[in-house]
Amino acid sequence: MHTCEQSIFIEGVWEPALSGSTLAVKSPADGETFNVISKGAKPEVDRAVAAARKALSGTWGTLAGFERGRVMCKLSALILENCVELAELEARDTGKPISQARTDIQSTARYFEFYAGAADKILGDVIPFLDGYQVMVHREPRGVCGMIIPWNYPASMFGRTIGPALATGNTVVLKPAEDASMSCIYLTKLAHEAGVPPGVLNLVTGLGEEAGAALSQHPGVDFLSFTGSSEVGTIIQTAAAMNHVPCVLELGGKSPQIVFADSDFERAAQTIVNVITQNAGQTCSAGSRVLVQQSIYDPFVELLKSKMSNVRVGAPSADLQCGPVINKTQQLKVQGFLDRAHTDGIEVLAQGSMDESAGPTGYFVRPTLLGPVPTTHELAQQEIFGPVLAVITFEDEAEAIAIANGTNYGLVAGVWTENGARQMRVAKKLRVGQVFINNYGAGGGIELPFGGVKRSGHGREKGLEALKEYTVTKTIVQKHD
Ligand code: ADP
């Protein structure tokens with residue numbers, strides 16, 4: 001891949017930042033700089049928003065849904081054609097094992113395929129009203145969408161946000177994360193090649209507090225979509241409030257995996273360990289608390305220990321279960337949680353091991369199982385965003401539900417039991433946006449509406465539900481007598 005001094009894309013043209021500044025792109029596997037990106041800021045955001053506004057009333061605004069869908073199908077096909085290169089770039093940029101990166105690129109293609117199929121099915125409503133009246137409800141695009149996405153799944157976040165936005169006829173300014181912008185640059189090139197007209201998709205690389213802040217505060221933006229930390233979510237929502245624009249916030253989580261005595265131990269334990277080590281635990285929907293019924297504590301935790309001990313950590317190219325975390329700050333943050341747990345006397349039950357490909361300059365962390373953790377401890381309450389799993393015990397169903405709901409977050413939950421009535425009873429009482437019963441899908445499921453409650457955010461991405469976020473209704477009342 002050539003260097004990316006010109007990684008800002010406005011109205012169909014690649015350019016450097018006006019300031020000429022760049023940001024180093026580092027590989028989490030060895031800490032080495034392997035590229036640069038342009039450090040865009042307010043001037044680039046201003047121009048990108050103006051281009052997106054202009055494009056709304058250009059050809060994009062007049063294309064039929066099926067024509068937008070065709071462009072998106074072409075983009076999906078191009079993503080698959082470029083899968084190997086994209087996956088290698090994603091693995092290098094984020095540190096994730098190469099097969100996880102490949103899965104992410106496949107998902108990215110699927111997002112465009114899924115939403116391409118929806119582009120000509122954005123239906124309205126006819127509402128029966130008074131005699132002599134005809135009432136229609138149209139669904140129209142929001143307008144200019146400002147997208148701010150994180151570094152954990154950059155390519156698939158690109159698909160998740162740009163897919164429904166384009167399908168519904170919006171135009172976009174995307175600000176990828178400064179720690180992982182490379183796949184978004186590549187995907188933007190493919191979008192252009194697929195026939196997304198100039199100005200419809202604009203990309204401004206740069207820092208959150210500069211380019212991101214300028215985008216979220218911009219009065220020319222009609223809608224904001226943000227995925228990232230709860231802290232920055234508050235900043236984005238405040239900016240949205242100042243301009244009175246809606247926003248979708250996908251924030252953190254402390255998702256519980258509730259394991260009852262009658263569950264399939266083997267399946268539960270393997271899935272729970274897989275999910276917390278996938279993407280080195282840097283998944284907002286990662287199940288980072290495992291709630292184990294007291295009566296099965298010993299045998300179930302033994303199984304978790306053996307699965308966790310089997311996890312190997314290494315470089316993306318070694319393609320093991322777990323790669324490095326994204327940067328030094330994240331590595332220190334995770335280590336800080338482990339150090340404080342040690343000081344607080346919480347036992348390390350098991351740890352994964354380092355492969356020889358995990359060199360000393362990479363940001364590697366050993367996946368760790370700790371417990372029993374008191375429900376009030378930070379390990380049981382705060383999002384760590386690393387491969388750290390806290391074991392918590394409960395006596396009965398009521399206590400499990402109370403503990404599961406007992407954090408500020410509410411994103412996803414897993415329920416493991418063979419009792420069908422209990423499965424549904426518990427699922428209904430959990431304050432979260434998704435419940436998995438005897439399975440758990442962190443990050444996957446394009447078709448499945450996804451989003452949180454409480455400090456996990458609001459609004460829904462994925463599935464057909466996302467189309468409602470990216471459109472706004474207009475009610476037309478005609479008197480015809
Ligand atoms: P993480 O903790 O996953 O790094 P952040 O919430 O810090 O997540 O970042 C997610 C995205 O938000 C990134 O694209 C980042 O550049 C952007 N961002 C960070 N700070 C701000 C801000 N003050 N205003 C707007 N965007 C921001």
Side-chain angles (χ1 to χ4, degrees), residues 7-8 17 23-26 28 37-42 44-45 48-49 93-96 145-158 160-162 172-185 187-188 202-218 221 223-243 245 247-254 279-286 288 324-334 336-337 363 382-386 409 411 442-443 452 455-457 461:
S7 63
I8 295 169
L23 294 168
V25 180
K26 289 186 180 176
I37 52 171
S38 316
K39 188 166 167 262
K42 191 172 183 308
E44 291 77 18
V45 168
V49 171
D93 203 15
T94 63
K96 64 182 77 194
C145 300
M147 317 291 205
I148 300 176
I149 63 172
W151 43 257
N152 54 348
Y153 292 88
S156 63
M157 293 280 175
F158 181 99
R160 184 173 110 180
T161 52
I162 312 290
V172 172
V173 178
L174 172 69
K175 210 300 279 173
E178 48 271 46
D179 278 305
S181 296
M182 300 303 290
S183 60
C184 290
I185 297 169
L187 289 163
T188 301
N202 306 277
L203 175 80
V204 181
T205 52
L207 297 175
E209 55 271 31
E210 293 177 4
L215 183 57
S216 60
Q217 292 164 11
H218 204 292
V221 168
F223 173 82
L224 287 165
S225 165
F226 171 78
T227 303
S229 60
S230 298
E231 295 69 32
V232 179
T234 305
I235 296 174
I236 303 291
Q237 180 145 11
T238 306
M242 297 309 283
N243 287 323
V245 294
C247 61
V248 167
L249 300 180
E250 298 290 359
L251 310 176
K254 191 73 201 175
N279 214 38
Q282 304 165 118
T283 307
C284 28
S285 50
S288 53
V325 296
I326 189 77
N327 56 28
K328 192 78 197 164
T329 310
Q330 196 63 22
Q331 188 187 30
L332 292 174
K333 184 181 163 204
V334 177
F337 274 101
Y363 312 126
Q382 291 186 29
E383 185 177 52
I384 300 171
F385 230 55
Y409 294 107
L411 196 53
R455 282 185 72 86
S456 292
E461 301 272 11

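Just follow the structure's listing: the first ligand is 1, and inside any ligand the first atom is 1.
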Main-chain N/O of Gly146 paired with Lys175 side-chain donor or acceptor, under 3.5 Å:
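Here the side-chain-to-backbone pair does not exist.
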Query raised in the report: Under 3.5 Å, is there a donor-acceptor pair between the side chain of Asp93 and the main chain of Ser181?
Result: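 A pair under 3.5 Å: yes.
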Using a strict cut-off of 4.0 Å, indicate which atoms of ligand 1 neighbour a heavy atom of [X].
{"X": "Ala177", "value": "13 (C), 14 (O)"}
{"X": "Pro176", "value": "14 (O)"}
{"X": "Ile236", "value": "25 (C), 26 (N)"}
{"X": "Gly228", "value": "6 (O)"}
{"X": "Ile149", "value": "11 (C), 13 (C), 14 (O)"}
{"X": "Gly212", "value": "24 (N), 25 (C), 26 (N)"}

For [atom], what is the nearest protein heavy atom, given as residue, atom name and distance?
{"atom": "atom 7 (O) of ligand 1", "value": "Val232 CG2, 3.8 Å"}
{"atom": "atom 19 (C) of ligand 1", "value": "Gly208 CA, 3.6 Å"}
{"atom": "atom 5 (P) of ligand 1", "value": "Ser229 OG, 3.7 Å"}

Query - Nearest-option assignment for atom 16 (O) of ligand 1, heavy atoms, candidates Gln282, Lys333, Glu383, Glu178 - result: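 The residue whose heavy atom sits nearest atom 16 (O) of ligand 1 is Glu178.
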Using a plain distance cutoff, I'd like to know if [X] has any nitrogen or oxygen under 3.5 Å from a nitrogen or oxygen of ligand 1.
{"X": "Ile235", "value": "no"}
{"X": "Trp151", "value": "yes"}
{"X": "Ile148", "value": "no"}

Discussion item. By the definition salt bridge (Lys or Arg N to Asp or Glu O under 4.0 Å), identify the one residue from Glu178, Glu44, Glu210 that meets it with Lys39.
Written reply: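 Among the candidates, only Glu210 passes.
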Checklist entry - Does the side chain of Thr227 come within less than 4.5 Å of Met147's, by heavy atoms? => result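 Side-chain contact under 4.5 Å: no.
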(request) Ignoring hydrogens and angles, state whether a donor on the side chain of Thr94 or Tyr153 is under 3.5 Å from an acceptor on the partner side chain. (result)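 No, no side-chain donor-acceptor contact under 3.5 Å.
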Determine the minimum heavy-atom distance between Tyr363 and Asn327, stating which atoms define it.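 Nearest pair, atom of Tyr363 first, then Asn327: CD1-CA, 3.4 Å.
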**Report entry** Spacing of His218 atom NE2 and Asn243 atom CG [to the nearest 0.5 Å]
**Finding:**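 Reported value, rounded in 0.5 Å steps: 9.5 Å.
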Spacing of Ser285 atom OG and Asn279 atom CG [to the nearest 0.5 Å] =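 The distance works out to 10.0 Å.
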Look at atom NZ of Lys333 and say whether more than 12 heavy atoms of other residues, nucleotides or ligands are closer to it than 6.0 Å.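 For Lys333, atom NZ is crowded (more than 12 foreign heavy atoms under 6.0 Å).
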Is Ala211 near ligand 1, meaning one of its heavy atoms is under 4.0 Å from it?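 The answer is no: ligand 1 sits nowhere under 4.0 Å from a heavy atom of Ala211.
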